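Structure record follows, encoded as structure tokens.
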Amino acid sequence: MAFSIIFIVLLCFSCKKESNSLRNTESDLIMKINAVQEQVMAQGNMTEEEEQVLLSLCSIVSHDDGLATYTTDNSIILKDVEIAPVYNGCEDLSMEETKECFNNKVPIFIKREFNLSVSKDLNLSEPKQVAAFFIINENGNLTGMKVRDSEVTVQAEILRVLRKMPVMKPATHNGESVSVLCSIIITYGNEVEVEVVYIPERPD
């Protein structure tokens, strides 16, 4: 099992590298991953768990939105920006109220969209935590997503949810729209809790 997963991981990331260099479309990459899946299944040694890992890897590498391909150097850390991004329903508030509204709305959205069965299926003896990062750019779009080390299925689910985050009115600083780096802590197990935090360092 471990060998099969390592084999799948290497092939998937090999496909990602090739996709980036040749600018293949998302469908091309998914077709390659599906081909790997068919090859492994044809050998008759893929378990349901391995198949789920492969599907999760497909979800992770089929979008070119990681911090590895989007620099955070020009992004202001959320705590340092004058006016936070304006989430839907947070309009016409003071600067502090806008930030507090953002801090409340983002966790609510993630908890609502997160498929709880993903973390429940891990049968964890106690809840675990993972840090996730994303950028809300100067157009209000979410990009530059990264999830720190956690189970592959959890990483894929967090990325899936973040990709569904609605477009917001961008943050402003010195009267101009700016890109901001946001960070959250997700606690997962039989329940999911989300907290917007201000992690001082930029993610690797």
Side-chain angles (χ1 to χ4, degrees), residues 25-26 56 59-120 127-148 150 153-204:
T25 64
E26 176 180 327
S56 296
S59 174
I60 291 172
V61 304
S62 64
H63 292 74
D64 189 20
D65 56 13
L67 286 181
T69 57
Y70 189 91
T71 178
T72 68
D73 292 345
N74 296 324
S75 299
I76 300 175
I77 295 176
L78 181 61
K79 74 177 181 66
D80 296 330
V81 76
E82 287 180 354
I83 301 178
V86 181
Y87 196 98
N88 294 339
C90 299
E91 299 85 0
D92 302 320
L93 300 175
S94 69
M95 288 191 290
E96 285 303 316
E97 289 171 336
T98 299
K99 186 172 290 186
E100 185 65 25
C101 191
F102 176 90
N103 291 351
N104 291 332
K105 293 280 190 177
V106 168
I108 289 172
F109 175 86
I110 295 174
K111 288 179 65 175
R112 183 179 71 240
E113 297 294 331
F114 193 94
N115 181 358
L116 196 56
S117 65
V118 171
S119 57
K120 284 184 174 180
K128 296 177 67 174
Q129 287 188 335
V130 61
F133 304 85
F134 56 91
I135 292 168
I136 300 175
N137 67 18
E138 57 275 5
N139 297 315
N141 295 307
L142 213 75
T143 185
M145 302 147 202
K146 179 174 183 177
V147 183
R148 283 249 168 96
S150 66
T153 52
V154 171
Q155 290 186 49
E157 180 60 13
I158 293 172
L159 289 173
R160 183 191 70 81
V161 172
L162 289 177
R163 288 170 183 142
K164 294 180 67 176
M165 193 86 73
V167 177
M168 306 176 205
K169 181 180 177 181
T172 55
H173 198 78
N174 294 331
E176 296 184 357
S177 296
V178 294
S179 172
V180 293
L181 174 62
C182 306
S183 51
I184 57 177
I185 295 292
I186 298 176
T187 304
Y188 60 95
N190 290 330
E191 302 291 339
V192 169
E193 296 295 332
V194 182
E195 181 184 6
V196 176
V197 295
Y198 302 127
I199 298 175
E201 82 278 10
R202 294 175 182 270
D204 297 327

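Values below: all heavy atoms of this structure, side chains included; hydrogens, waters and symmetry mates excluded. From a predicted model like this one, the values you see are computed outputs, not experimental measurements.
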Glu157 side chain vs Asn115 backbone, donor-acceptor pair below 3.5 Å: yes
How about Phe114 and Ile158: do any of their side-chain heavy atoms sit closer than 4.5 Å? yes
Can you tell me if Asn137 uses its side chain to pair, donor with acceptor, with the backbone of Asn139 under 3.5 Å? yes
If I take atom CD from residue Glu193 and atom CD from residue Gln129, how far apart are they, to the nearest 0.5 angstrom? 10.5 Å
Over all heavy atoms of both residues, which pair between Pro107 and Val194 is shortest? Give the atoms and the distance, please. CB-O, 3.4 Å
Rounded to the nearest 0.5 Å, what's the gap from CD on Gln155 to CD1 on Ile186? Could you check? 11.0 Å
Would you say Leu116 and Asn190 make side-chain contact, with heavy atoms under 4.5 Å? no
Using every non-hydrogen atom in the two residues, find where Thr98 and Leu93 come nearest and quote the distance to one decimal. OG1-O, 3.5 Å
Sub-3.5 Å donor-acceptor pair from the side chain of Ser183 to the main-chain atoms of Val197, do we have one? yes
Is it true that Glu96 and Lys99 have a side-chain N and a carboxylate O under 4.0 angstrom from each other? no
Rounded at 0.5 Å granularity, tell me how far CG in Asp80 sits from OG in Ser75. 12.0 Å
List the atom of Asn88, the atom of Val167, and the distance in Å for their closest heavy-atom pair. OD1-O, 4.1 Å
Smallest heavy-atom separation, Val81 atom then Ile76 atom, equals N-CG2, 3.8 Å
First locate atom NZ of Lys120, then atom CD of Glu191, and finally report the distance between them rounded to the nearest 0.5 Å. 6.0 Å
Give, for atom OH of Tyr87 and atom CE of Met165, the distance between the pair rounded to the nearest 0.5 Å. 6.0 Å
In sequence, state the C-alpha distance, the side-chain angles, and the governing distance for Lys105 and Cys90, and then conclude on side-chain contact (heavy atoms from CB on, under 4.5 Å). CA-CA 9 Å; Lys105 293 280 190 177; Cys90 299; 3.7 Å; yes
Has Glu138 got a side-chain atom pairing as donor or acceptor with Ser177's backbone, closer than 3.5 angstrom? no
How many angstroms lie between CD1 in Ile199 and CD1 in Ile184, if you round to the nearest 0.5 Å? 9.0 Å
Side-chain donor/acceptor of Glu82 to backbone N/O of Asn174, under 3.5 Å: yes
Write down the atom of Val161, the atom of Phe109, and the distance for their closest heavy-atom approach. O-CE2, 3.5 Å
Please name the residue in the list Ile136, Ile83, Val86, Val180 that meets the side chain to side chain contact (heavy atoms under 4.5 Å, CB included) test with Phe102. Ile136
For Glu113, does its backbone N or O pair with a side-chain atom of Arg160 as donor and acceptor, under 3.5 Å? yes
